[in-house]
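What follows is one structure encoded as structure tokens, with my remarks underneath.
Quick note: residue numbers are just sequence positions, from 1.
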Amino acid sequence: MGAGQKIGNKVKDIIGVEGNFGETIRPMMNYTCANITLGGAGYPINQFHQQFLAYVEGMKTGMAGRITLISGLWDAISDPIMGMITDRTKSNWGRHRPYLLFGAIPFAISYLFRWTSFGISSTGNMRATWLWYLFGSLMYCTFMTVMSIPHTAMLPTVAPGYFERTQYKIVEYAMNSVGQVSSYVFTALALSGFNVKTALVALPTPSADDRAKYTMVGIVLMIWFVWSPILCFIKTKEPSSKDQINEPLDIKTLLYEYKTVFSSRAFRQYFVISLFFSMSRYFCNYADQYFMVSVTDTYNIFISMNIIAGIAEFSGSPINYLITRYKGKTACGKVLGPLMVVGIAINSILTYETPRVIKYVVIVISAILYNIGFSGPGFVAENIQPDVTDVDELITGRRREGVISTFKTFFSKTISSLMGYAVGTSLELFGYDPNVKHPTQQSKLTMFGLRLNYSIIPSILALFCVISIYKYKMTKHDHEEIKRIIKEKHETGKCDITEEEKRRIEYIAGKPWETMWIGSDEVIRSLDTLA
């Protein structure tokens, strides 16, 4: 055995990769490449779009926030429906995979629609402009849903193993980072007229004169985000679902499906972790441009800061993976989560009068700490979501990946929309006027509102997220036992388990053994008989 092969095997042992390295990594790359779009496309929207509507298209912050609110409410309706549809899809290509192909091109077109009104705004008709961007936002949300929910729902099938899923997630994080950093670079280049120096260190504050530049942002990102879902469809394999038997789909069934999801304690804990994490994240995302323009007067480094943030988030990925590998799926959130709290809280000390060099140093340190820390709780939520599907099967006796995965995208998009509305409305109530950009021209109350939305509230929510991670208790041993008894139950109609393990599973599921499918006398196959 050569030295290179010995080193390769040592690396495999450390990170826990089983089997041939190339054959193991290739399927991960094939599946997760879609996250360049699914994980990356939202970053420019969250970081730039509300501010684009306010600074460039002249909308009040509350008016711009209502667009994100309405699109979020549409997500609340469409996401569960898509989860039900993908679970019931009959196709030789599988239940989930076809939607990556069907949604890619309409999604790319909708991305362009979010960055240009094709001349409507230049007429001065604000109502027509608002309606156009509402239409673009609804179209974007719809086709993101069409692709993202089926893609997430595939993971438990593509990667059935406990730590195999963790390996997929670390590669997924890398693809998210590729999507994030590349989208920032492309956005910066388009806004700077493809001048690298201007893009990184001297980006001017946006104004109505920049409409053509934002149209270019839409064109460039439309082209960049169209290919990866199609490649994932071509390269990823999923078993045929053509012969599966489906339950009837109606409103009663839809409501019942989601009622039973919340009956699982593991799901409720996942819900709370994801809720606090998403709220903290999106408060920061929607308020940061306003903060840097109208509190610290440092918008010129906004793009650079976000590129640094993307690199910092990805740099936390190997740390998260190794901690997860050796200490369990919640450990990285407990270790890195406090950095998230500190990273965003230190921005509250900054004012316009703070010396510029100190402002730059604090902002960069904040971006690094927050995003390395942010990667920890984020990795926890991503990692435990497929395992929650297995707990749900304990209760219902059915695989409902689409229903469970709905909540991943529901959190990511609906909470984003609600936080966008909350920030926009809050700043308007605090008297913020986006046309008054110089910090000295804003009132003390407005300055407090900006600081409250960007630093104080997000740091409190981040702290609650870290605390909630301590409540989640499922271990690798628990998961292996759950998978074993589910398999045994499906094959024989019963399972062998000790009283101690039974009590442990009751705690994880949050339900008495006898009321769950796994503890029933016979295999349950009808929705009407589910407890």
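The one candidate from Ile372, Ile368, Asn371 that meets the side-chain contact (heavy atoms from CB on, under 4.5 Å) condition with Ser315 is Ile372.
Below 30°, between 30° and 60°, or above 60°: for Tyr140 and Phe107 the angle between ring planes is between 30° and 60°, a tilted geometry. Using bins of under 30°, 30° to 60° and over 60° for the plane-to-plane angle, the ring pair Phe135/Trp132 lands in the tilted bin. By the 30° and 60° cut-offs, the orientation of the rings of Phe464 relative to Phe276 is tilted.
Ser110 is linked by a side-chain hydrogen bond (donor to acceptor under 3.5 Å, both in side chains) to nothing, counting only residues two or more places apart in sequence or in another chain. Evaluation of the side-chain hydrogen bond (donor to acceptor under 3.5 Å, both in side chains) rule for Arg66 yields no partner, not counting sequence neighbours. Looking at residues two or more places apart in sequence or on another chain, you find no salt bridge (charged side-chain N to carboxylate O under 4.0 Å, His left out) involving Asp288. Every residue two or more places apart in sequence or in another chain that forms a side-chain contact (heavy atoms from CB on, under 4.5 Å) with Ile105 is listed here: Ile109, Val226. For Lys213, the salt bridge (charged side-chain N to carboxylate O under 4.0 Å, His left out) criterion is met by Asp210, not counting sequence neighbours. Under the rule for a side-chain contact (heavy atoms from CB on, under 4.5 Å), the partners of Thr236 that lie at least two apart in sequence or sit in another chain are Asn30, Tyr31, Met154, Val158, Cys232. Every side-chain contact (heavy atoms from CB on, under 4.5 Å) that Ile323 has, sequence neighbours left out, goes to Ile319, Lys327, Ala331, Cys332, Val335. Here Arg211 pairs with Glu57 under the salt bridge (charged side-chain N to carboxylate O under 4.0 Å, His left out) rule; sequence neighbours left out. Applying the side-chain contact (heavy atoms from CB on, under 4.5 Å) criterion to Leu452, with sequence neighbours excluded, gives Phe430, Phe448, Ile456, Ile457.
Residue pairs meeting the side chain to side chain donor-acceptor pair (under 3.5 Å) criterion with at least one member in residues 215-224, sequence neighbours excluded, are Thr116-Thr215, Ser182-Trp224. Evaluation of the side chain to side chain donor-acceptor pair (under 3.5 Å) test over residues 449-470, restricted to residues two or more places apart or in two chains, returns Ser426-Asn453. Each salt bridge (Lys or Arg N to Asp or Glu O under 4.0 Å) pair with one or both residues in residues 350-368, not counting sequence neighbours, appears once here: Asp297-Arg356.
Side-chain polar atoms of Asp79 and Thr145 form a donor-acceptor pair below 3.5 angstrom. Between the side chains of Thr354 and Thr351, at least one donor-acceptor pair of N or O atoms lies under 3.5 Å. Using modelled atom types, one finds no donor on one side chain facing an acceptor on the other under 3.5 Å when comparing Ser294 with Tyr352.
For Phe374 and Phe277, the ring centers sit closer than 6.0 Å to each other. Phe291 and Tyr286 have their aromatic ring centers separated by at least 6.0 angstrom. The distance between the ring centers of Tyr472 and Tyr270 does not fall below 6.0 angstrom.
Taking all atoms of both residues into account, the shortest heavy-atom contact from Asn347 to Ser366 is ND2-OG, 2.6 Å. The shortest heavy-atom contact between Arg114 and His49 is O-NE2, 2.7 Å.
Other residues, nucleotides and ligands contribute more than 12 heavy atoms inside 6.0 Å of the CZ atom of Phe225.
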Assess whether side-chain hydrogen bond (donor to acceptor under 3.5 Å, both in side chains) is satisfied between Ser207 and Tyr55, documenting all intermediate values. CA-CA 5 Å; Ser207 69; Tyr55 293 139; over 6 Å; no

Apply side-chain hydrogen bond (donor to acceptor under 3.5 Å, both in side chains) to Ser117 and Thr129, showing your working. CA-CA 7 Å; Ser117 66; Thr129 301; 5.4 Å; no

Are Ser443 and Thr446 close enough, and set up right, to give a side-chain hydrogen bond (donor to acceptor under 3.5 Å, both in side chains), and what steps lead you there? CA-CA 5 Å; Ser443 70; Thr446 299; 2.9 Å; yes

Show, in sequence, the C-alpha distance, side-chain angles and deciding distance for Ser375 and Asn320, and conclude whether the side-chain hydrogen bond (donor to acceptor under 3.5 Å, both in side chains) test is met. CA-CA 8 Å; Ser375 70; Asn320 287 320; 3.0 Å; yes

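Of the possible polar contacts, none joining the Thr86 side chain to the Met82 backbone as a donor-acceptor pair under 3.5 Å is found.
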